[in-house]
Number of protein chains: 2
Amino acid sequence: MLTIGKLGQSAAVKVPTIRYYEQIGLLPAPERSSGNQRLYGKSALDRLAFIRHARELGFPLEAIRDLLSLSDRPDQSCAAADAIARRQLSAVRARIARLKALEAELERMIGQCAQGTIADCRVIEVLGDHTLCATDHDVPVESAA
Amino acid sequence: MLTIGKLGQSAAVKVPTIRYYEQIGLLPAPERSSGNQRLYGKSALDRLAFIRHARELGFPLEAIRDLLSLSDRPDQSCAAADAIARRQLSAVRARIARLKALEAELERMIGQCAQGTIADCRVIEVLGDHTLCATDHDVPVESAA
DNA sequence: CTAATCTCTCTAGCAACTATAGGTTCAAGG
DNA sequence: CCTTGAACCTATAGTTGCTAGAGAGATTAG
């Protein structure tokens, strides 16, 4: 039996994240010690590792929820799991394409910067006037924090 | 003088988003009509277009805030603007590299899927066991919603 | 036995919006 | 002139996937 801290260490998931997963129903509520602390078995570790790994591959939690419920029914066709993975793959590819366009535009913008004053800064100018752009990039994009 | 709706249309930014930008101080509070509705001039349109465009290029709002305050001082060196753009470029490149690793892993995972039952589904199996992975991808990644 | 380290619950915050509710104003048609 | 419907107003809550904090209780090492 693992405490939440040990579980977190084993699966490389932070403790509050585990509690969060339980809260949103991705992990079942585990048994508790006499002092009300969570105690986990091997199956919880497997499940958490699965979640972690899927997150690393960029699957959204809702997709992971679906994958988990699939893996609970091992006799069914894996077409659904395959479909989820394919969706994820095409999402990843779309993001790569999008980011490459951004990369090109940023490179162009920076390449034109002669390090003068703001008044002739191409960076500022390009941002202020979309028509100066070489590529199309009018779909909003998520932050690159 | 533009109403918020016209402004939004002209800059391709949704109305609630404009109000949000005002709320967080990215756009100045505009004058109001006798009936308390916002009225914008050309400068607001320029500023909003700038923000929109920078968002398209993936700049986080905080970076845009910096760029805007730079563009308000046209006599200064543009080194700071250049630095912001370069930071953004390297963030974009890092994300591309990361996504390519994910793409490769997903391709591998899907390629192994023989469309049998869940019990021998490589997708599920690979997700459950990180050691089956070809590539390293242990840094958490943002969702691909 | 005590001190340090977990762990507990609950709440609030992050980015960057989006949506909803419930009300007001405006522009155009009859 | 009046009404209808679209656009506008404020304020609040929700989204995703966590992270951080407060204040209290549990456990374990020495």
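All heavy atoms count here, side chains included; hydrogens, waters and symmetry mates do not. Note on naming: letters A, B, ... go to the chains in the order of the sequence lines (proteins, then strands), and numbering restarts at 1 for each one.
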Roughly, in whole Å, what's the span from [atom1] in [X] to [atom2] in [N]?
X	N	atom1	atom2	result
E62(A)	dC18(D)	CD	C1'	15 Å
R65(B)	dA16(C)	CZ	P	10 Å
E22(A)	dT7(C)	CD	C1'	13 Å
F59(A)	dC18(D)	CZ	P	15 Å
M1(B)	dC26(C)	CE	C1'	18 Å
I18(B)	dT18(C)	CD1	P	11 Å

I want to check one thing: is the phosphate of [N], taken as OP1 and OP2, less than 4.0 Å away from some side-chain N or O of [X]?
X	N	result
Y20(A)	dT16(D)	no
Y21(A)	dG17(D)	no
T17(A)	dT19(D)	yes
S33(A)	dA26(D)	no

* **Sidechain N-carboxylate O distance under 4.0 Å for E62(A), R65(A)** => yes
* Asked: Taking NZ, NE, NH1 and NH2 as the nitrogens, is one of them in E105(B) or R108(B) under 4.0 Å from a carboxylate oxygen of the other?
  -> yes
Pairs: protein N or O with nucleotides 19-21 of chain C N or O, under 3.5 Å:
none

I'd like to check [X] versus [Y] (side-chain heavy atoms, cut-off strictly below 4.5 Å). Are they in contact?
X	Y	answer
I51(B)	V13(B)	no
R47(A)	S71(A)	no
R38(A)	R32(A)	yes
L99(A)	R93(B)	no
L48(A)	Y40(A)	no
R55(B)	L61(B)	yes
L57(B)	Q88(B)	no

* **Base versus backbone protein contacts along nucleotides 7-12 of chain D [heavy-atom cut-off under 4.0 Å; B, S, -]** => -SSB--
* **Toward the 5' end of DNA chain C, by each residue's nearest nucleotide, L61(B) or Y40(A)** =>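 In this pair, the answer is Y40(A).
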